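Predicted model, so just to flag it, every value in this text is computed and none were measured. Naming: A, B, ... by sequence-line order, numbering from 1 per chain.
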Amino acid sequence: MSRKRIVLIDGSSMVKEAFYSLPANGAGGVKSLMTGILERKEADYLAVAFSLTGASQSMIEKEITIQEELLKGIAPSLKAEVLIKEGYESADILASLAKKCSSEERDITIITKDQRLLQTAAEHVTVQIPAMGEEGLILKSYHLETIREEYGLEPAGLKEVFSLIAADGLGEKTACGLIRQYENIAGLYEHLESMESQRIKEILKTFENRILEEEKRIFLKEDCDITLDDTKSISEAEIQEIMDMDFVPAEFPDDENQSEKESSPTTSFHVITDFSEAEAVFGKGISADRLGLQLIIEDKAVIALSICYGEKDCYCILSEGLLSGDYLAGKAEEICKKAGHVTVLDLKSQLPYLKLEAGSPVFDAGVAGYLLNPLKDSYSYKDLAEDYLNMTVPSRIELIGKVSISRTLIDNRENGVSFICYMSYIAFLCGDRLLEALREAEMEKLFHEIEMPLIYSLYSMETAGIQVERERLKEYGDRLKVQIKELEQKIYEETGETFNINSPKQLGEVLFDHMKIPGGKKTKTGYSTAADVLEKLAQDYPVVTLILDYRQLTKLNSTYADGLAAYIGPDGRIHGTFNQTITATGRISSTEPNLQNIPVRMELGREIRKVFVPKEGCVFVDADYSQIELRVLAHMSGDTRLINAYKQAEDIHAITASEVFHIPLNEVTSLQRRNAKAVNFGIVYGISSFGLSEGLSITRKEASEYIEKYFETYPGVKSFLDGLVTKAKESGYAVSMFGRRRPVPELKSSNFMQRSFGERVAMNSPIQGTAADIMKIAMIRVDQALKKQGLKSRIVLQVHDELLIEAYQEELEKVKELLTNEMIHAADLEVSLEVEANVGESWFDAK
DNA sequence: CACGTCGCG
DNA sequence: ACACGCGCGACGTGA
């Protein structure tokens, strides 16, 4: 007698899962899963478990409950037992049954979306979880062996792993390793002090509460007193009967009437390929007062338009036949201009096809999400749905994986369409919420007057790109490569061995073990070979100098010579990306390539800037703010002495030295000036005597004396900085002059190091953030003024406090005037903003 | 994928 | 006694 095959379905989690890909028919999705199992004769007994849902549900939760009820109604006709128990979630019921039945003559398969159930896997208990496979959605089976292989743990260890992952910075791999070593979380915390990795130790301390909370959430009750009525197996005849049946929703219990259906609308995604149907949607869309919209762009072509103007009106209009990409883009543009409020997810990415200008009534949900919480690493529709709609939706990866959208539309049309529809659906739903949240956070003005207009200016800058002389860059790289070869040989001679100089590990061993250079350990992984460590040794060991030179050259070669060359386009220009939603403080960041860290401090590196040139008939105008952060500090603190220092000042660092050390200005030595400058920087970064002493190579005592004297001289700065920390502790976030917020959760940490970091952040963010705000205002004004005056010159780069314009010769005077003027007047501070501007035939010359 | 290193403001 | 300046992104190594 073979063992009885019991299939237990987690009705609640599976309906939810199915709901998000088939909103109107979550129950139907699970139903077909069940009939499939029966048809393939994979079960002798079938049961489906449900959580007993409480009250106070969101719209979406109500929708899901309706689907759950439908499934409960269908279950008996599928010969499936319905399992419900008060006080237990569906996962608890299944966990209890798995435990109870594993000793009996039964093979149990649990089908669920709930990862927590993985911990119930055992010799005769298999857990199946829906996952994206090559051919779309599949059920992935986890047997006892699978789990041992995949995680290197017994199933019981998984709940520990899942709890640990709740901590930011711990991945699945790391968590598994920890549990393998310490068995469980309790053991982990017991041995915390003896742990090797400082990083992991800190994470565990910081997130202890979160981890323990997560452990509670993950816990499954296995004491549910429920039994299976499985004495009888499903017969062939019964299966045949089920197969012959044709289910129609009308057979479901609680048959709702039409008006009831209206009052709780069911979301549904529609796919449109027909021209006149598309026209009808456009017609309705253009008169809608708010909508979500997204052009789906792939390989520089519009492949679809996602548009949503109601819970039930969400459409994926595919680009085919009469509905060309251009046509869809044109319609989208028309709607953006004429309709009410349109929400999109990443406006900058849409602008190549959606030809809009600053001031259009379009709302970027991603940028709004960024303002509301700049610490997140993604503002995808999934993130926005979770944060502002309390909704869990399948991610891009879950729906289409790593392949292209167009590929998915062929292989798994339903998923492709779902993904496309979600873009506008979530945009439609969260537009109002985001706006409301911005209003509550008092960032509406910042959003409408700075962040939204900035999108167009950044787009303009990216589109312009910057010309780079390919040949000259190549020559530069070749020159470096020759020198690198030479240095390499010398280093091998001096050290007496051939090794990989680029490997800090090997380098450390050669220097400190083989050559016995004193300099001790520093990092967890071995010796530190960082430049500041090596510089101290360079005096006594000439080879170290060679290594430092080698480092510098290889850096220049790989990151800049070879690195940049890879980004030069067919137009001879580099079109980098300027990101608006990355930094915690409000700055812009630059990627692919990073054009904000092109060398300038060292002469050799600075040479690279010679390959950045204006196009024929143009010159570069470069303008940068002089000490904008310190000026912002003077203004925001209102410290009269610092403000006055600036009003009279040529050289602020010298004046600082003179005032702090009580000596006449003309007697300030260059060392004193240097120290004062470091203190000024330190203040802006959130001072600490330790940090300052490192930077100045003085003792901590001296450093703290400097700081003390500084604060005596500028008491307004002291009270301002203290106030920033206090306010941030109260509110949980730091605020810039223009209302930009940066949450500082570290301030609540019980860990001294974390908390100190939070305090420095609370002092630095408002300053760095305000400077960033001012630069953004300047950029927008400069960009818009150029366009408004019909000038062809364009901003091509922004480097935090610097703007670079490619100016047509005939526009040069106007551009110079306009650029400096807009930058100086971007903000009205107690201390006037100063700008240094230069003209040149390359970026090197213009700086 | 994490880490060390280093380029910029 | 401790331990770090603030904000980024790219590259190479090595598990």
Presence of donor-acceptor pair under 3.5 Å, side chain of A:R601 and base of B:dG9: yes

d(CG, A:L595; P, B:dG7) in whole Å: 17 Å

Sugar-phosphate only, base, or nothing, as touched by A:F757 at under 4.0 Å among non-hydrogen atoms: sugar-phosphate

Distance, rounded to the nearest Å, where A:F578 contributes CZ and C:dC8 contributes C1': 13 Å

Short side-chain N/O contact from A:T585 to OP1 or OP2 of C:dC6, under 4.0 Å: no

Any-strand Watson-Crick or G-U partner of C:dC2, both distances under 3.5 Å: none

A:Y379 and A:Y370 aromatic ring geometry - parallel, tilted or perpendicular at 30°/60° bounds: perpendicular

A:Q596 CD to B:dG9 C1', straight-line distance once rounded to whole Å: 8 Å

Sugar-phosphate only, base, or nothing, as touched by A:L692 at under 4.0 Å among non-hydrogen atoms: base

Sugar-phosphate, base or nothing in reach of A:A762, heavy atoms under 4.0 Å: nothing

Sugar-phosphate only, base, or nothing, as touched by A:N500 at under 4.0 Å among non-hydrogen atoms: sugar-phosphate

N or O in side chain of A:S589 less than 4.0 angstrom from C:dG9 OP1/OP2: yes

Check: A:T525 side chain, B:dC3 base, donor-acceptor under 3.5 Å: no

Nearest-nucleotide pick for A:S558, side chain only, options being B:dT5, C:dG12, C:dG7: C:dG12

Sugar-phosphate, base or nothing in reach of A:R742, heavy atoms under 4.0 Å: sugar-phosphate

Sugar-phosphate only, base, or nothing, as touched by A:G682 at under 4.0 Å among non-hydrogen atoms: base

Heavy-atom neighbours of A:K490 NZ exceed 12 at 6.0 Å: no

Short side-chain N/O contact to C:dG14 OP1/OP2 from A:Q506, under 4.0 Å: yes

Face-on cation placement of A:K610 at A:F844 ring, 6.0 Å and 45° thresholds: yes

Check: A:K776 and A:R587 side chains under 4.5 Å, non-hydrogen atoms: no

Touch class at under 4.0 angstrom, heavy-atom based, for A:S528 against every strand present: sugar-phosphate

Sugar-phosphate only, base, or nothing, as touched by A:L556 at under 4.0 Å among non-hydrogen atoms: nothing

No-H, no-angle donor-acceptor pair, A:N597 side chain to B:dG7 base, under 3.5 Å: yes

G-U wobble or Watson-Crick pairing nucleotide for C:dG12 (cut-off 3.5 Å, both distances): B:dC3

Sugar-phosphate only, base, or nothing, as touched by A:V761 at under 4.0 Å among non-hydrogen atoms: sugar-phosphate

Sugar-phosphate only, base, or nothing, as touched by A:T174 at under 4.0 Å among non-hydrogen atoms: nothing

Sugar-phosphate only, base, or nothing, as touched by A:E592 at under 4.0 Å among non-hydrogen atoms: sugar-phosphate

